[in-house]
Amino acid sequence: MLKQKQQQYPEDGQPLSASTGVQFAEFTKGKKRKRKGAELETVTLEKDNGRAGKGSQRKGAGKLMRFNEEGKAEGYPIKDQEKAPVQPIAHRKPESRPKGHTIESQPRRQQPGNPKPSQGNPPTHLLKRRDALLPTRKSLPIWPHAEPIRAALRKNNVLVLTGETGSGKSTQVPQFLLSEPWCTKTIAITQPRRVAAISLARRVAEEMGSLMGNQSPAAKVGYSVRFDNATGPGTRVKFLTEGMLLQEMLRDPEMSQYSAVVVDEVHERSVNVDLILGFLKNLVAGIEKVKKRKTPLKVVVMSATADVEALVQFFGDGVKTSIENGKIEAGDSESKISNSHVSIGDKPEKRDTAKMIENFDQKPTEDSHDQISTCFVEGRQYPVKTIYLPQPTQDWVESALKIIFQIHYKEPLPGDILVFLTGQDTIEGLEKLINEYAQGMDSDVPKLLALPLFAALPQHAQQRIFTPTPHRTRKVILATNIAETSVTVPGVRFVIDCGKSKIKQFRNRLGLESLLVKPISKSAAIQRKGRAGREAAGQCYRLYTEKGYEIMEERTTPEILRCDLSHAILTMKARGADDVLNFPFLDRPPREALEKALLQLLHLSALEETGAISEMGLKMAKLPLTPTLGRVLVEAARPERDCLLDVVDIISALSVENIFLNLVTEERKEEAEAARRELYRREGDHMTLLVTVQRYSEERSDRKVWCEKHFVSHRAMQNVMNIKKQLLQQCSQLKLLTSTELPASSSSEAKTQAGLACILRGFISNTARLMPDGSYRTLMGNQTVSIHPSSVLFGRKTEAIVFSEFVFTGKAWARGVSAVQLDWVSEVIEAIM
DNA sequence: GAGCACTGC
């Protein structure tokens with residue numbers, strides 16, 4: 001069977017014949033250009049061709065590879081960043097690191113005569129490095145735009161900047177603004193991911209000849225991410241994650257420490273970025289009831305895709321329009337803008353990069369903030385040829401397999417293949433098939449090395465994609481959409497895109513979330529394709545037809561339209577944006593979703609009957625937890641509960657991915673069951689988590705060995721301890737930690753009951769009772785739910801349950817389950833209804 | 001007796 005199939009792959013390196021069922025319609029430029037709606041694609045191709053020669057001639061381009069062309073060391077996830085904050089990004093090429101020293105170690109070797117950093121002058125080697133980097137900076141596409149950008153922000157408070165991949169916007173824009181007369185304080189630049197914030201800060205520090213913020217009081221550059229704050233009194237450029245800035249905005253509503261906020265990667269449209277933009281809009285327009293700033297806050301919104309119109313409209317009169325229309329449709333706003341506005345400078349279609357700033361009045365008012373500047377900066381990308389399937393396929397694992405071997409036989413090395421798949425199971429399935437087929441290859445054919453890549457994969461296995469490809473070998477990286485944004489895989493010239501991805505969707509009616517395999521959007525398809533053209537010209541095989549591409553949605557549905565909104569709304573209320581139905585949303589969630597979330601917050605007593613935020617709600621909003629978990633924590637601090645320390649342990653464990661390792665074989669599973677038995681508690685999963693965290697904390701000899709013995713993830717437990725520490729700090733700040741709790745003050749039975757009562761208070765909508773037929777039905781909603789097989793209560797019958805997770809995967813499952821008494825549940829429900 | 005894309009405070 002295997003042999004037969006192998007013979008379908010010709011050995012002479014010719015493409016597969018029609019008999020194999022794989023044939024591709026070639027993507028032709030001319031044909032495509034005439035087609036409307038595919039313009040973005042066409043434009044990229046055109047421009048790519050134009051830039052290819054330039055790019056390849058560019059000297060020193062390769063040396064910058066550790067950063068992408070924006071000077072951004074794109075997010076290889078170093079999970080234990082806080083443990084190794086100065087660890088070089090995993091895929092940095094050794095030669096691209098500063099030679100002979102690191103920024104971190106050098107200061108200790110200061111010669112006595114050299115100026116000390118604390119005296120305000122950076123060490124000379126930093127200045128040398130700064131000067132050496134200047135030519136590279138000057139060659140970035142954004143460099144010629146420095147003056148227009150400065151001029152635009154002198155005139156207006158808001159700038160929308162579209163910069164394609166490789167334009168250099170993330171590193172250069174803050175540096176352009178630093179010397180401006182209005183810029184007397186700090187510039188904040190937000191990033192969706194920790195690694196990006198950290199590595200951008202490092203890069204900009206190098207370019208500015210500065211130390212990192214926590215190394216010297218004079219250091220000008222810093223970053224701030226959870227568990228890792230590297231800022232100091234002299235920090236003028238501060239990279240932070242979106243979540244970090246949101247927390248700051250709750251504590252300092254007028255953002256008094258900043259002169260400007262640069263919101264980067266807006267096109268990714270995280271819930272956090274949507275909230276930040278809404279708050280900034282209110283702040284810039286003076287709508288929010290915050291203390292007025294003495295100087296206006298400058299706002300730069302940066303996006304990779306040309307969504308300028310929507311953003312301009314948003315900061316212009318967006319609020320009004322969006323309320324009138326209920327929901328802004330992308331197409332709608334586009335046509336409106338183009339009718340009422342002149343051209344906004346160079347569109348992507350043009351290759352010429354003349355001055356691109358043009359201001360245009362949205363509507364004349366006395367306020368200058370109604371004027372928004374826009375700017376487009378081209379990127380640096382090699383051309384990528386797109387190849388579609390002639391016929392749609394159901395079995396993309398099979399199609400991918402054929403194309404992998406077709407490329408392998410036909411295309412010369414080097415040139416690795418990146419395959420986008422939906423999840424772990426399809427990845428592992430394809431990996432197995434590749435290895436089977438590769439065994440049958442002739443010895444004169446180069447080898448194939450299949451490497452899986454998904455977030456749940458252990459760190460060391462993920463690292464394998466960065467190790468140099470062995471001689472006469474082609475890597476095939478099988479990835480989820482982690483490779484779309486979070487990880488840049490080096491060496492890729494061929495992309496195979498299955499056109500699907502798993503998307504989480506919250507169902508308001510049922511109050512549960514489900515994970516669905518859905519077609520990706522055009523913008524995601526373009527993003528995936530672009531991964532083939534980062535180092536050289538490439539090819540993208542799409543496992544769908546050209547028609548299939550054309551019927552894709554233009555862009556991925558923003559997260560705010562498909563998630564549980566209770567956290568977002570609590571944040572809004574905590575910031576004083578009381579009227580959530582009229583909040584300036586870039587995309588307005590359906591009314592039903594907003595109301596569902598408001599009701600949920602009311603049930604948690606985070607809101608008063610009037611809809612105003614309660615004192616409890618304010619505390620919950622300041623905790624790095626979902627509203628439900630926040631509520632559990634606040635409940636535990638009440639004197640009559642008095643079980644805060646236990647509950648912090650449980651919540652910390654609930655805040656990380658599974659702390660119990662997932663075992664594959666039956667044998668290992670049984671082994672794990674036996675080893676964990678001493679941790680399991682009949683009260684359920686929450687008390688089991690508590691015991692596990694307690695035992696781990698008590699372990700004084702070797703915690704790693706303890707974890708191995710109990711089949712517990714050491715990495716997850718380290719994370720639990722970090723979160724625990726942070727929660728305890730915040731509890732003390734919020735005056736929650738004033739209880740007289742003593743470990744021996746009450747019986748363990750009473751403590752368990754108190755802990756469960758707190759969990760019940762937070763998760764009151766996630767409760768179910770046992771029915772006579774043995775099934776469970778939720779008490780608020782009357783839906784059938786089953787205890788997930790991963791629970792210690794699986795297969796057990798108890799009169800009522802409370803669960804911390806409610807997911808739908810073929811069937812409604814309760815995960816993280818505790819047994820409770822039915823009258824406890826009824827009591828709480830009666831009290832809140 | 002099931003199955004889990006990806007971030008982040």
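Chain letters run A, B, ... following the sequence lines, proteins first and then strands; every chain starts at 1.
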Could you work out which one of [options] sits closest to the side chain of [X]?
| X | options | value |
| --- | --- | --- |
| A:Val225 | B:dC6, B:dG3, B:dC9 | B:dC9 |
| A:Lys502 | B:dC9, B:dC6, B:dA5 | B:dA5 |
| A:Thr809 | B:dT7, B:dC9, B:dC4 | B:dC4 |
| A:Lys669 | B:dA2, B:dC9, B:dT7 | B:dA2 |
| A:Lys504 | B:dG1, B:dA5, B:dC9 | B:dA5 |
| A:Arg193 | B:dT7, B:dA5, B:dC9 | B:dT7 |
| A:Arg194 | B:dA5, B:dG8, B:dA2 | B:dG8 |
| A:Thr480 | B:dC4, B:dA5, B:dA2 | B:dA5 |

For DNA chain B, whose closest nucleotide is more 5', that of A:Asp425 or that of A:Pro624?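 Nearer the 5' end of the strand: A:Asp425.
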Would you kindly compare A:Gln730 and A:Asn658 by the position of their nearest DNA chain B nucleotide and give the one closer to the 5′ end?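 Comparing both residues, the 5'-ward one is A:Asn658.
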Separation of atom [atom1] in [X] from atom [atom2] in [N], rounded to whole Å:
| X | N | atom1 | atom2 | value |
| --- | --- | --- | --- | --- |
| A:Phe420 | B:dA5 | CZ | P | 15 Å |
| A:Ile198 | B:dT7 | CD1 | P | 14 Å |
| A:Asn722 | B:dG8 | CG | P | 14 Å |
| A:Ile659 | B:dC4 | CD1 | P | 20 Å |
| A:Met572 | B:dC9 | CE | C1' | 18 Å |
| A:Leu240 | B:dG8 | CG | C1' | 13 Å |
| A:Glu673 | B:dG1 | CD | P | 15 Å |
| A:Gln424 | B:dC6 | CD | C1' | 14 Å |

Please determine, by modelled atom types, if A:Thr488 and A:Arg531 share a side-chain donor-acceptor pair under 3.5 angstrom.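 Yes, A:Arg531 and A:Thr488 have a side-chain donor paired with an acceptor closer than 3.5 Å.
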Quick one about A:Glu428 and A:Gln424 (side-chain donor to acceptor, distance below 3.5 Å, no hydrogens or angles considered), yes or no?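 Side-chain D/A pair, A:Gln424 to A:Glu428: present.
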Classify the nucleic acid contact of A:Leu515 as base, sugar-phosphate or nothing, counting any heavy atom under 4.0 Å across all strands shown.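 Answer is base: heavy atoms of A:Leu515 come under 4.0 Å of a base.
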With heavy atoms under 4.0 Å as the rule, sort A:Leu625 into base, sugar-phosphate or nothing.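 Contact class for A:Leu625: base.
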Is there side-chain contact between A:Val792 and A:Arg682, with heavy atoms separated by less than 4.5 Å?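 Not touching, per the 4.5 Å side-chain cut-off.
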Is there a donor-acceptor pair under 3.5 Å between the side chain of A:Arg575 and the backbone N or O of A:Met249?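 The answer is yes, because a donor-acceptor pair under 3.5 Å joins these two groups.
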Is a side-chain donor or acceptor of A:Ser270 paired with a backbone partner of A:Val273 at a separation under 3.5 angstrom?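 Side chain of A:Ser270 to backbone of A:Val273: a pair is present.
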Are the ring centres of A:Phe583 and A:Phe279 closer than 6.0 Å?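 Ring centres of A:Phe279 and A:Phe583 closer than 6.0 Å.
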Any side-chain N or O of A:Trp813 below 4.0 angstrom from OP1/OP2 of B:dG3?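 So the side-chain polar atoms of A:Trp813 do come within 4.0 Å of the phosphate oxygens OP1 or OP2 of B:dG3, strictly under.
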Would you say B:dC9 has OP1 or OP2 under 4.0 Å from some side-chain N or O of A:Thr241?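 True: A:Thr241 side-chain N/O within range (under 4.0 Å) of B:dC9 OP1/OP2.
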